[in-house]
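Heavy-atom basis, side chains included; hydrogens, waters and symmetry copies ignored. Every chain is numbered from 1 and lettered A, B, ... according to where its sequence line falls, protein lines coming before strand lines.
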Amino acid sequence: MQFELLNKDPKSKARAGLLHTDHGTIETPIFMPVGTVGSVKAVNQQQLHTDVQAQIILGNTYHLYLRPGLEILEKAGGLHKFNGWDKPILTDSGGYQVFSLANNRKIKEEGVVFQSHIDGSRHLFTPENVMDIERTIGADIIMAFDECPPYPSDYTYAKKSMELTHRWLTRCYTRFSETEPKYGYNQALFPIVQGSTYKDLRTQSAEFIASMDLDGNAIGGLSVGEPDEMMYEMCELCCDILPEDKPRYLMGVGTPANILENIALGVDMFDCVMPTRNGRNGMLFTTQGIINIRNKKWADDFSPLDETLGGLSAFYSKAYMRHLFVANELLGLQIASIQNLSFYLHLVKEARKRIIAGDFAEWKNKMVKIVSTRL
RNA sequence: GGGCAGAUACUCAAGUGGCCAACGAGGGCAGACUGUAAAUCUGCUAGCUUACGCUUUCGGAGGUUCGAAUCCUUCUCUGCCCA
């Protein structure tokens, strides 16, 4: 894997680059749709290519390990073959599930004992077996196994958690180095900065992560409920420490405004469930602002959902979309998901253009207002 | 013409003397959602009020009672059965 830094915005820390993988090149900054169980909910692979224009999608180690399981994935020849997505894939390690399934797990030095949310069965995730699992899933980018502490976390816990994540990272790296990709293409390991909302911990963590000298670096443990300003502060601090010649991935972020602001701080990669989940729940992100499509005011608004985006977004009207949601029709979920993902990809593509053109900062300030507007 | 059953908020539907502005479901209206246990979850849904609270409601009218959606009389309407 190779990262090519192309342009830096003169008035912010935003960058444009190219991330080369064996499944193709990714233009950064980029948004990566989340496909937890090997499927971007309500959007098929063809739509991901043509409508959304996704360049890379996510999968999740925890979910794929439980279902369909490693045997099937290995027999299939890896996730790309299994789900028919021939562009890059990134797998999250299950670190987020350590956070989100807090009631069904126990964290130990060795790893985390989980109880499956599907059948209650017990499983042990360790840095070593997570590396093995991610090798088997076959993602192009595999994430280190970390702990994502909740917000707020007290200093003592945040420090302990960060140190554990660092020790786990060392073990991840060791196992990663000892093993080979299974399907003939390269895999890269990304380590994850933690440290909650404490500057000194973030600094320490970012320095440690930078010292690993891996192909890319991630910032985790943010967008877990802290105020935006705090997220930006932590993110900027980390970006300033992480090497310039490696892609920076801010995990789990965020709203369109969050993405623009963090691009301005030097982030290259994003993922978030917001466009798909909120889309399925009737919240539409458009080039004009945010729409709650179930609201009565759209009932007789026959204007296009989002003319600027073209495609399905220009084809279907707001009134029809409201009808689909009110009637609980599956088509509504599909169009909403495509609308939101198309918008997110459109947004980062525009950002990239502006960075290359050199006027990103001004454009960003204007866009943050527009994309945050509730229509 | 006679007999029986029924009429409760937008709809369906509980409630058969005080704990009832009235269970529940649907519908309606709004909100939440950030490395997905989410096509999910939450709130409101007689009127006024931020709230406390106040006012008017259970087909209509009248009555019994300290107190009625609940008991009595009568009227109206609906369904079923018998002529």
Work out how far the [atom1] atom of [N] is from that of [M], and round it to whole angstrom.
| N | M | atom1 | result |
| --- | --- | --- | --- |
| B:C33 | B:A61 | P | 49 Å |
| B:G47 | B:A37 | P | 40 Å |
| B:A68 | B:G18 | C1' | 9 Å |
| B:C52 | B:U45 | P | 11 Å |
| B:U49 | B:U56 | C1' | 16 Å |
| B:U74 | B:U11 | C1' | 30 Å |
| B:U57 | B:U76 | P | 24 Å |
| B:U50 | B:U36 | P | 43 Å |

Any-strand Watson-Crick or G-U partner of [N], both distances under 3.5 Å:
| N | answer |
| --- | --- |
| B:G1 | B:C82 |
| B:A21 | none |
| B:C33 | none |
| B:A7 | B:U76 |

- Message: I want to check a possible cation-pi pair here: A:Arg135 against A:Phe176, using under 6.0 Å from ring centre and within 45° of the ring axis as the test.
- Response: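 The answer is yes; both the distance and angle limits are met.
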- Task: Could I get the full list of side-chain hydrogen bond (donor to acceptor under 3.5 Å, both in side chains) partners for A:Asn281, not counting sequence neighbours?
- Result: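 side-chain hydrogen bond (donor to acceptor under 3.5 Å, both in side chains) check on A:Asn281 returns nothing, list empty.
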- For A:Ser161, what residues pass the side-chain hydrogen bond (donor to acceptor under 3.5 Å, both in side chains) criterion, not counting sequence neighbours?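 For A:Ser161 the side-chain hydrogen bond (donor to acceptor under 3.5 Å, both in side chains) partners, ignoring immediate neighbours, are A:Glu147.
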- Task: Name every residue in residues 323-340 of chain A that has at least one heavy atom under 4.0 Å from any atom of RNA chain B, in order of residue number, or write none if there are no such residues.
- Result: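 Residues of residues 323-340 of chain A under 4.0 Å from RNA chain B: A:Val326, A:Asn328, A:Leu330, A:Leu333.
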- salt bridge (Lys or Arg N to Asp or Glu O under 4.0 Å) partners of residues 341-352 of chain A, not counting sequence neighbours, each pair once: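 Qualifying pairs, neighbours excluded: A:Glu27-A:Arg352, A:Glu350-A:Lys353.
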- Item | salt bridge (Lys or Arg N to Asp or Glu O under 4.0 Å) contacts touching residues 313-336 of chain A (sequence neighbours left out) |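 Found none.
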Please work out whether the ring planes of [X] and [Y] are parallel, tilted or perpendicular, with thresholds of 30° and 60°.
| X | Y | value |
| --- | --- | --- |
| A:Trp168 | A:Phe145 | parallel |
| A:Phe125 | A:Tyr65 | perpendicular |
| A:Phe285 | A:Phe343 | parallel |

- Have a look at A:Arg322 and say if it touches a base, only the backbone sugar-phosphate, or nothing, with a 4.0 Å heavy-atom cut-off.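 Sugar-phosphate contact only.
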- Query: Is A:Arg15 paired with A:Asp268 through a side-chain N to carboxylate O contact shorter than 4.0 Å?
  - Reply: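 Result for this pair is yes, salt bridge flagged.
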- Classify every nucleotide of nucleotides 31-38 of chain B by which part a protein heavy atom approaches to under 4.0 Å, writing B for the base, S for the sugar-phosphate alone and - for neither, in 5'-to-3' order. BBBBBBBB
